[in-house]
Number of protein chains: 2
Amino acid sequence: MPATSMGHCLTTLPSLRDALEVVSGKWKLLILVALATGHQRFRDIERSIPGISSKVLAKELKDLEQHQLIRRTVQEGPPVLVTYEVLPYADSLDPVIFALRDWGKNHRKKIMGPAVEA
Amino acid sequence: MPATSMGHCLTTLPSLRDALEVVSGKWKLLILVALATGHQRFRDIERSIPGISSKVLAKELKDLEQHQLIRRTVQEGPPVLVTYEVLPYADSLDPVIFALRDWGKNHRKKIMGPAVEA
DNA sequence: TATCTTTGCTTACTAAAAGTGAGCAGCTAC
DNA sequence: GTAGCTGCTCACTTTTAGTAAGCAAAGATA
C-alpha cells in the first residue's frame with residue numbers, strides 16, 4: 001500500500017469496471033436524474049438535458065432499459081404516449097450520483113474559486 | 001418531485017456534469033486506482049489495467065495531470081525514469097470510487113446471482 | 001561485440017461512437 | 001389547411017477509441 005490514504009484493495013478494479021460499463025459516459029446519470037426530477041417524456045428529457053441529441057438520447061434510453069434501470073411504457077392512444085420512468089433499482093445508484101454531484105460542486109469551486117474571490 | 005426516493009434537487013445536474021467532464025470514461029478512475037495501489041510507472045500501469053492501450057493511457061494520464069489529479073515526474077538518468085503519482089486532491093474522489101465499486105459489486109451479484117445460487 | 005529486452009511513449013491506420021440536420025407518421029390546435 | 005408537437009430514425013460528418021507497429025536510449029544476456 002502506497003503512502004496515500006486511499007488504500008484501495010485489489011478487488012476494487014473489477015467491481016469498478018463492472019460499474020463503469022453500465023454507468024460511464026456523459027449522459028446516463030444525467031438522464032436518470034432527469035427522469036427522477038419529473039421528466040418522463042422523450043422530448044421533455046431531451047429539453048431538460050442541454051446538449052443531448054435525439055439520437056443519443058434514444059440510444060441511452062435503450063441501454064438504460066436493458067440494464068433494468070428504467071422502464072419504457074407505451075400508452076396506446078390516440079395520441080400514443082410514451083413514458084419513461086426510473087425503476088426502484090436505479091435508486092441504488094443514488095450514492096454514486098450524490099458522490100459525483102458533491103465532488104463536482106467542490107471541484108468547480110476549486111477551479112473557479114480563486115478567480116471569483118473578493 | 002416524483003414518487004421515487006431520489007428527490008434530486010434541480011442543481012444536481014450542473015454539478016454532476018462538472019464531475020462527469022473530469023471523471024467520466026472507462027479509464028480515468030481505473031488509472032487513479034492503479035496509481036493508488038502502487039503502480040507508478042507507465043508500463044506498470046499499462047499492465048495493471050487489462051485492455052488499455054499505450055495510446056489511450058498516455059492521453060488519459062495527460063488529462064488527469066491537467067486536472068491536477070496526478071503528477072508526472074521525470075528523474076533524469078540515465079536511465080531516465082518517469083513516475084506518476086496521485087496528488088492528495090485525488091483522494092477527494094474516494095467517495096465516488098467507493099460508491100461505484102460498491103454498486104458494481106452489487107450489480108454483478110444481481111446479474112450473475114440468480115444463475116450462481118446453489 | 002551482438003542482440004535481445006525494457007521503458008515511455010508516438011505515429012499511422014481502422015473501427016466505433018458521438019454529434020448534426022433533416023425528416024416522417026400520427027395526431028392536435030388554430 | 002397549415003402549423004405545431006411527439007417520438008423517434010436516417011444519412012452524413014466529426015470526434016474518439018482501439019490496433020499494430022516502431023523508435024531512441026539504456027541494460028541485461030551471451
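Only this structure's heavy atoms are used, side chains among them; waters, hydrogens and symmetry mates stay out. Chain A is the first sequence line, chain B the second, and so forth, proteins listed ahead of strands; every chain is numbered from 1.
- Here the P atom of nucleotide C:dG8 and the CD atom of B:Q75 are 11 Å apart, to the nearest Å.
- Of the side-chain N and O atoms in A:K62, one or more sit less than 4.0 angstrom from OP1 or OP2 of D:dT9.
- Of the side-chain N and O atoms in A:Y84, one or more sit less than 4.0 angstrom from OP1 or OP2 of D:dC8.
- Taking only side-chain nitrogens and oxygens, A:R41 comes nearer than 4.0 Å to OP1 or OP2 of D:dG7.
- Contact between the side-chain N/O atoms of B:K26 and the OP1/OP2 oxygens of D:dA17 is not found at any separation under 4.0 Å.
- Place B:G51 and A:F42 on DNA chain D by their nearest nucleotides, and A:F42 ends up nearer the 5' end.
- A salt bridge does not link A:K62 with A:E65: none of the charged nitrogens is closer than 4.0 Å to a carboxylate oxygen.
- Following rounding to the nearest Å, B:W27 (CH2) and D:dA17 (P) show an atom-to-atom distance of 11 Å.
- Under a 4.0 Å N-O distance rule, the pair A:K105/B:D18 does not qualify as a salt bridge.
- Rounded to whole angstrom, the span from the CG atom of A:L57 across to the P atom of D:dT6 amounts to 13 Å.
- Each of D:dC8, C:dC9, C:dT20 was ranked by its minimum atom distance to the side chain of B:S54; first place goes to C:dC9.
- When distances run from any side-chain atom of A:V82 to the nucleotides D:dC8, C:dC9, D:dT9, the shortest one goes to D:dC8.
- Taking 4.0 angstrom as the limit, A:R72 places a side-chain polar atom (N or O) nearer than this to OP1 or OP2 of D:dC8.
- Computed from coordinates, the A:L61 CG to D:dG7 P distance equals 11 Å when rounded to whole Å.
- Residue-to-nucleotide proximity on DNA chain C shows that, of A:V80 and A:V56, the 5′-proximal contact is made by A:V56.
- Of the candidates A:L69, A:L100, A:V86, A:V22, A:L69 is the only one forming a side-chain contact (heavy atoms from CB on, under 4.5 Å) with A:L93.
- The side chain of A:P79 sits closest to C:dC27 out of D:dT9, D:dT6, C:dC27.
- Distance alone, capped at 3.5 Å, places no donor-acceptor pair between the A:H39 side chain and the A:D44 backbone.
- Comparing D:dT9, D:dG18, C:dT7 against the side chain of B:R43 picks out C:dT7 as the nearest.
- One can place CD of B:E76 at 18 Å from P of C:dT7, the figure rounded to the nearest angstrom.
- Atom CG in B:D63 sits roughly 16 Å away from atom P in D:dT15 (whole-Å rounding).
- The nearest whole Å value for the distance from the NZ atom in A:K55 to the C1' atom in C:dA18 is 6 Å.
- OP1 or OP2 of C:dT7 lies within a sub-4.0 Å distance of a side-chain N or O belonging to B:R47.
- Following rounding to the nearest Å, A:E46 (CD) and C:dG21 (P) show an atom-to-atom distance of 13 Å.
- The aromatic rings of A:H67 and B:H107 sit perpendicular to each other, their planes meeting at more than 60°, with 30° as the lower class boundary.
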